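Quick caveat, the model's predicted, so the values are computed rather than measured. Index from 1, following the sequence.
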Amino acid sequence: MSNVAPTPSIGTAAVLLDDLRALRRGAPALAGLEPKSYARDHAAFEQLSDQRGLIAEHLAGRLATMGDGPVSVLSVGCGDGSLDVQLADSLVLAVPGRPVRYVGIEPWSGSAGLFTANMAALGADELSVDVHVASFSNAPLDETFDVVLFVHSIYYVADVEETLHGALELLRPGGELWVLNAPRGALNALVDVLAPPLEGHRQWFSADVEKAFIDGGIALDEIVTLDALVGLASASERVLDFAVQARLTPELRGPVRAYLDAVSVPGADGRPRVPHPVDVFAAARR
Ligand SMILES: C[S@@+](CC[C@H](N)C(=O)[O-])C[C@H]1O[C@@H](n2cnc3c(N)ncnc32)[C@H](O)[C@@H]1O
């Protein structure tokens, strides 16, 4: 008889997910994440993933193709700006002295304040920054942009198709819309089971976004997938809650950790990692 533990399988994960579904059936919705700790818990989650670095590199590469002139970016759902600050810095460094306009939309004022502070810390005179504390649908914008960017924020809008059309209207002719969103993969299957509904809808994943582009008659230039991994084996309770987008009750934590273990693959260091891909949807304003 072997002492080696059996390798977790997709079948095991499916059974564990069904068990979680059964635990939740008929139960009241779990509490959602609180605005005041959202950005902090998100930052702690990203520390365990290589996705943020892959996104920054990918988007900086796209921005580098946009010429040497003045450039403007609208980041929708900018959060604390920890990604945007890297992109703004790359724009400033790429062409010294050229004007860079960077605007954020963020409904949670604490996160919006951090966005402003992080951008100010760059100390770049050629960088003009504003943030609107608002949802995308009610942000008071009276300017257009070269790039409109949604990084992990379109999950939360009420209507994806309407949002995409609204975003295109904010672009200059030839401007680029980039929407980064996760598929309903191993990790987000948990979100589907555990996260409370948002204003009457579930979170939108990549298939929903692609459908909205198609149904809305918006020509997609391409969809690129960045294959990231996140190490959640020893994640804190708050990080685990962020991963499933809900405040877990004590009896759910064990089953959630068992599921995450079952869907993990070995990382480069041999330690378990959960697949954490992100899809990049790109379209231009014709
Ligand atoms: C996962 S965070 C991503 C933050 C940032 N883009 C990043 O990648 O670090 C999602 C952000 O979307 C914001 N958000 C939620 N609903 C929104 C809406 N209707 N319009 C704009 N932003 C929204 C949240 O407040 C949150 O800061």
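Side-chain contact between Val230 and Arg273 is absent, with no heavy atoms from C-beta onward closer than 4.5 Å. Between Leu232 and Asp261, the closest side-chain pair of non-hydrogen atoms is not below 4.5 Å. Side-chain atoms of Asp19 and Pro255, non-hydrogen and from C-beta on, never get closer than 4.5 Å to each other. Proximity of Val103 to Arg101: side-chain heavy atoms (C-beta onward) are separated by under 4.5 Å at one or more points. For the pair Leu74/Leu170, a side-chain contact is recorded, criterion being any heavy-atom separation below 4.5 Å from C-beta on. Side-chain contact between Leu63 and Val73 is present, with heavy atoms from C-beta onward closer than 4.5 Å. Counting only heavy atoms from C-beta outward, the side chains of Val239 and Leu48 approach each other to under 4.5 Å. Residues Arg98 and Glu126 are not in side-chain contact: their nearest non-hydrogen atoms beyond the backbone lie 4.5 Å or more apart.
In this structure, NZ in Lys36 is found 9.5 Å from CG in Asp41, a value given to the nearest 0.5 Å. The line from CG of Asn181 to CD of Glu210 is 11.5 Å long, rounded to the nearest 0.5 Å. Put simply, CD1 on Ile55 and CG on Asp50 are 10.0 Å apart, with the number rounded to the nearest 0.5 Å. Here the straight-line distance linking atom CD of Gln245 with atom CG of Leu194 works out to 11.0 Å at 0.5 Å rounding. Here Leu190 contributes atom CG and Leu20 contributes atom CG; the two are 6.5 Å apart, rounded to the nearest 0.5 Å. Expressed to the nearest 0.5 Å, how far CG of Asp84 lies from CG of Asp89 amounts to 12.0 Å.
Although no hydrogens or angles enter the test, the distance criterion places no donor-acceptor pair under 3.5 Å between the side chain of Arg257 and the main chain of Leu240. Side-chain atoms of Asp227 never come within 3.5 Å of backbone atoms of Pro277 as a donor-acceptor pair (strictly under, hydrogens ignored). Side chain of Asp146 to backbone of Ser72: a donor-acceptor contact under 3.5 angstrom is found. A donor-acceptor contact shorter than 3.5 Å links the side chain of Ser153 to the backbone of Val76. A side-chain donor-acceptor contact under 3.5 Å links Glu106 to the backbone of Gly79. Using a distance-only test at 3.5 Å, with no hydrogens or angles considered, no donor-acceptor pair links the side chain of His132 to the main chain of Asn138. Of the possible donor and acceptor atoms, one in the side chain of Arg285 sits under 3.5 Å from a partner among the backbone N and O of Leu171. Without hydrogens or angle criteria, Asn118 side chain to Asp80 main chain gives a donor-acceptor distance under 3.5 Å. At distances below 3.5 Å, not a single donor-acceptor pair connects side-chain atoms of Ser135 with backbone N or O atoms of Ser137. Of the possible donor and acceptor atoms, one in the side chain of Asp159 sits under 3.5 Å from a partner among the backbone N and O of Glu162.
No continuous path of hydrophobic side-chain contacts links Tyr102 to Leu177 [ILVMFWY only; heavy atoms under 4.5 Å]. Transitive grouping of hydrophobic side chains (ILVMFWY, heavy atoms separated by less than 4.5 Å) keeps Phe150 and Leu180 in distinct clusters. No continuous path of ILVMFWY side-chain contacts below 4.5 Å connects Leu83 to Phe45, so the two sit in separate hydrophobic clusters. Following chains of ILVMFWY side-chain contacts shorter than 4.5 Å, one can reach Leu122 starting from Val131, so the two form part of one hydrophobic cluster. In terms of hydrophobic clustering, with Ile, Leu, Val, Met, Phe, Trp and Tyr side chains grouped at heavy-atom distances under 4.5 Å, Tyr155 and Phe213 are assigned to different clusters.
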Audit row: Leu164, Ile154, side-chain contact (heavy atoms from CB on, under 4.5 Å) steps and yes/no
CA-CA 9 Å; Leu164 295 177; Ile154 216 161; 3.8 Å; yes

Assess the residue pair Tyr38 and Phe242 against the criterion (ring pair (Phe, Tyr, Trp, His ring centres under 6.0 Å)); give the C-alpha distance rounded to whole Å, side-chain angles, the decisive distance to 0.1 Å, and a yes or no.
CA-CA 8 Å; Tyr38 185 98; Phe242 184 86; 5.3 Å; yes

Verdict with reasoning, His152 to Gln51, per side-chain hydrogen bond (donor to acceptor under 3.5 Å, both in side chains)
CA-CA 11 Å; His152 289 308; Gln51 193 191 83; 2.6 Å; yes

Step by step, would you call Thr12 with Leu16 a side-chain contact (heavy atoms from CB on, under 4.5 Å)?
CA-CA 6 Å; Thr12 311; Leu16 291 167; 4.0 Å; yes

Kindly determine whether Leu260 and Leu187 satisfy side-chain contact (heavy atoms from CB on, under 4.5 Å), including the steps that lead there.
CA-CA 8 Å; Leu260 289 172; Leu187 187 54; 3.8 Å; yes

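For the residue pair Ser82 / Arg52, a side-chain donor-acceptor distance below 3.5 Å is found, with atom types taken as modelled. Using modelled atom types, one finds no donor on one side chain facing an acceptor on the other under 3.5 Å when comparing His42 with Gln47.
Using a 4.0 Å cut-off between a side-chain N of Lys or Arg and a carboxylate O of Asp or Glu, Asp18 and Arg21 qualify as a salt bridge.
Heavy-atom contacts from other residues, nucleotides or ligands closer than 6.0 Å to CD of Glu143 number more than 12. Within a 6.0 Å sphere centred on CD of Glu57, other residues, nucleotides and ligands contribute 12 heavy atoms or fewer.
Closest approach of Arg184 and Asp208 over heavy atoms only: NH2-OD2, 4.5 Å. The two residues Ala56 and Leu87 come nearest to each other via the heavy atoms O-CD2, 3.8 Å. The two residues Val191 and Ala243 make their nearest non-hydrogen contact at CG2-O, 3.5 Å. In terms of heavy atoms, Leu127 sits closest to Val129 at CG-CG2, 3.6 Å. The minimum heavy-atom distance linking Leu248 with Arg253 is given by the pair O-NH2, 3.1 Å. Shown here for His201 and Tyr156, the closest heavy-atom pair between the two residues is NE2-O, 3.5 Å.
Residues that satisfy the side chain to side chain contact (heavy atoms under 4.5 Å, CB included) test with Ala31, not counting sequence neighbours, are Arg247. Under the salt bridge (charged side-chain N to carboxylate O under 4.0 Å, His left out) criterion, Arg40 pairs with no residue, sequence neighbours left out. In this structure Arg24 satisfies the salt bridge (charged side-chain N to carboxylate O under 4.0 Å, His left out) test with no other residue, sequence neighbours excluded.
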For residues 219-226, dump all side-chain donor-acceptor pairs below 3.5 Å to protein atoms at least two apart in sequence or in another chain.
| residue | atom | partner | partner atom | Å |
| --- | --- | --- | --- | --- |
| Asp221 | OD1 | Arg286 | NH2 | 3.0 |
| Glu222 | OE2 | Arg62 | NH2 | 3.0 |
| Thr225 | OG1 | Asp279 | OD1 | 2.6 |

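Applying the side chain to side chain donor-acceptor pair (under 3.5 Å) test to pairs two or more places apart or on separate chains, none has a residue in residues 107-116.
Hydrophobic side-chain contacts under 4.5 Å tie Leu229 into a cluster, directly or through other members, with Val265.
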